[in-house]
Amino acid sequence: MRAMPNSYDPDQIIRPEILALSAYHVPSATGMIKLDAMENPYPLPPALRDEIAQLTADAQINRYPDASAAALKASLREALMIPAEMEIMLGNGSDEIIQIIAMATARPGAVLMSVEPAFVMFRMIATFANIKYVGVPLSADFSLDLEAMLAAIGKYQPTVIFLAYPNNPTGNLFDAEAIARIIEATPGIVIVDEAYHIFADASLVDKLAQYPNLLLMRTLSKLGLAGLRLGLLIGRPEWLIQLEKLRLPYNVGIITQLVAQAVLDHLDVLLEQAAAIKTERAIMSRHLTALEGVEVFPSNANFILFRVNGADRIFLELKQQGILIKNLDGTHPSLTNCLRATVGTPGENAQFYKALQTIISPAV
Ligand code: PMP
């Protein structure tokens with residue numbers, strides 16, 4: 001028998017571009033006021049929670065889930081008013097849908113394009129799927145730099161472009177006309193990621209019929225169901241038939257299917273919560289603007305990006321006081337000294353403003 005070596009070297013086995021990656025870091029938030037991950041801070045009403053308890057108690061978890069999730073898809077169609085001629089594909093979160101699209105389009109020489117700064121998983125997943133990534137910088141005010149985008153499209157001929165509408169981490173909506181120009185100019189597909197759609201009062205869903213290379217992504221995460229992990233892709237059957245081939249058969253579990261469907265039957269609850277978050281967003285924006293030395297960026301999402309003097313110190317001091325937000329300093333040159341706070345409950349937000357105020361202008 002051949003002697004086994006004492007150790008195997010991951011450097012010799014794992015792809016170099018994976019070795020070079022840093023893992024997506026999710027900080028522990030136990031016991032903290034959690035304003036870091038764009039979650040909806042409100043629980044579901046007790047009656048709906050009881051209904052969910054009963055549904056999960058009765059769920060046949062010894063069986064595989066419905067691989068086509070037909071009942072859930074019908075609920076989603078109705079709740080999200082998805083055009084009848086469009087297909088939908090479900091993902092274990094929209095993260096998984098990004099991954100499916102990247103895997104499907106990673107032909108030799110293919111390019112996945114997005115803007116910078118954008119949702120970091122666009123770039124990371126391109127690397128996972130071994131597809132070249134090109135990030136085109138936004139303008140200084142975080143709007144789309146249409147000229148730069150059109151030049152990059154001409155140069156790289158991207159296979160797929162991801163644009164979040166509204167964008168994360170900047171919170172703004174790009175100009176819909178500029179997005180239309182990009183869709184028309186590119187030889188590939190454009191995925192408009194509407195994760196924050198509920199807070200934006202804007203959507204490109206009506207453009208699906210017009211543009212054969214447009215697909216739309218949504219998620220239930222920001223609506224209040226982040227723990228369930230359910231995202232969806234909406235688009236023409238000719239694209240979704242191909243992408244479905246990469247979806248693992250049982251990617252959406254039975255509990256997710258049952259619970260999402262039950263909650264969608266009470267969509268009014270989620271819509272009321274979203275309305276409350278939008279009201280609080282305006283209040284948060286006013287509070288942050290009133291602080292000395294703070295620059296606040298306009299938001300159409302459930303979070304606010306703002307610039308301070310000394311982001312690292314402020315982030316750490318907030319953390320020491322039990323308030324977790326997101327420090328974006330150092331993640332991109334245009335985000336120097338930028339922090340991002342998710343809109344929480346009025347009580348959580350009030351504690352955040354109070355702590356931030358004392359850190360920024362301590363009483364003498
Ligand atoms: N798209 C954007 C723009 C996001 O900000 C996020 C999460 N932060 C996602 C997609 C992923 O959402 P999920 O996987 O929870 O559906």
Side-chain angles (χ1 to χ4, degrees), residues 24-27 29 34-41 69 72 76 80 88-102 112-126 128 133 135 138 142 144 160-174 179 190-200 202-204 215-234 247-248 251-253 256-257 259-260 263-264 270 274 277 281 297 299-305 324-328 331-332 335 338 340-344:
Y24 186 86
H25 174 60
V26 180
K34 194 170 183 312
L35 303 179
D36 66 327
M38 283 81 87
E39 292 142 330
N40 170 341
L72 172 58
L76 284 164
L80 306 182
I88 51 186
M89 181 179 78
L90 303 184
N92 193 293
S94 43
D95 284 347
E96 191 188 41
I97 293 176
I98 303 168
Q99 190 176 40
I100 288 174
I101 294 168
L112 184 153
M113 183 175 283
S114 189
V115 292
E116 297 270 336
F119 181 40
V120 292
M121 292 313 286
F122 299 150
R123 174 169 38 84
M124 287 190 74
I125 289 174
F128 302 167
Y133 172 80
L138 293 173
F142 299 132
L144 268 181
V160 52
I161 299 178
F162 280 90
L163 293 172
Y165 183 79
N167 190 39
N168 169 23
T170 56
N172 57 318
L173 280 170
F174 297 136
I179 297 180
V190 176
I191 316 294
V192 172
D193 175 357
E194 295 192 338
Y196 301 96
H197 151 259
I198 197 74
F199 310 106
S203 171
L204 296 189
L215 294 111
L216 213 73
M217 208 163 62
R218 296 270 183 90
T219 177
L220 298 193
S221 295
K222 318 300 168 183
L223 267 168
L225 302 177
L228 282 187
R229 309 301 299 127
L230 188 71
L232 60 153
L233 183 70
I234 307 166
R247 186 180 67 81
L248 298 176
N251 65 330
V252 180
T256 297
Q257 293 192 30
V259 177
V263 179
L264 288 172
L270 300 183
I277 291 167
R281 175 179 71 197
F297 296 94
S299 171
N300 292 283
N302 62 341
F303 58 86
I304 293 184
L305 180 77
L324 186 64
I325 62 168
K326 177 89 175 173
N327 184 6
L328 293 160
T331 59
H332 189 266
L335 294 173
C338 282
R340 187 191 66 199
T342 305
V343 178

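If you read the sequence from its start, that first residue is 1, and numbering goes on from there. Given the structure is predicted, the values throughout are model-derived calculations rather than measurements. Note that ligands are numbered from 1 as they come in the structure, with each ligand's atoms numbered from 1 the same way. Basis for what follows: all heavy atoms, side chains included, without hydrogens, waters or symmetry-related copies.
- In this structure, Ser94 is part of the shell of residues with a heavy atom less than 4.0 angstrom from ligand 1.
- Across all non-hydrogen atoms, the minimal contact from Gln99 to Ile125 is CA-CG2, 3.4 Å.
- Listed here is the closest heavy atom pair of Asn251 and Leu90: ND2-O, 3.0 Å.
- Not a single heavy atom of Glu96 sits under 4.0 Å from any atom of ligand 1.
- Heavy-atom proximity to Arg229, at under 4.0 Å, picks out these atoms of ligand 1: 13 (P), 14 (O), 15 (O).
- Which parts of ligand 1 touch Ser221 is read off a 4.0 Å heavy-atom cut-off, strictly below it: atoms 13 (P), 15 (O), 16 (O).
- The protein non-hydrogen atom at the shortest distance from atom 4 (C) of ligand 1 is Tyr196 OH, 3.6 Å.
- Of all atoms in ligand 1, numbered sequentially from 1 with element shown, those under 4.0 Å from a heavy atom of Asp193 are 1 (N), 2 (C), 3 (C), 10 (C).
- Distance from atom 11 (C) of ligand 1 to its nearest protein heavy atom, with residue and atom name: Asp95 OD1, 3.2 Å.
- Checked against side chain to side chain donor-acceptor pair (under 3.5 Å), Ser94 has no partners two or more places apart in sequence or in another chain.
- Counting atoms of ligand 1 from 1 in the listed order, those under 4.0 Å from a heavy atom of Gly93 are 14 (O), 16 (O).
- Counting all heavy atoms, side chain and backbone alike, Asp36 lies closest to Pro27 at OD2-CG, 4.0 Å.
- Of the protein's heavy atoms, Phe119 CZ, 3.4 Å lies nearest to atom 6 (C) of ligand 1.
- In this structure a side-chain-to-backbone donor-acceptor pair under 3.5 Å is missing from Asn302 to Val343.
- The protein non-hydrogen atom at the shortest distance from atom 7 (C) of ligand 1 is Lys222 NZ, 3.1 Å.
- Scanning for side chain to side chain contact (heavy atoms under 4.5 Å, CB included) contacts around Asn92 gives Glu96, Arg229, with sequence neighbours left out.
- Checked by atom type and distance alone, the side chain of Asp95 never pairs as donor or acceptor with a backbone atom of Met121 at under 3.5 Å.
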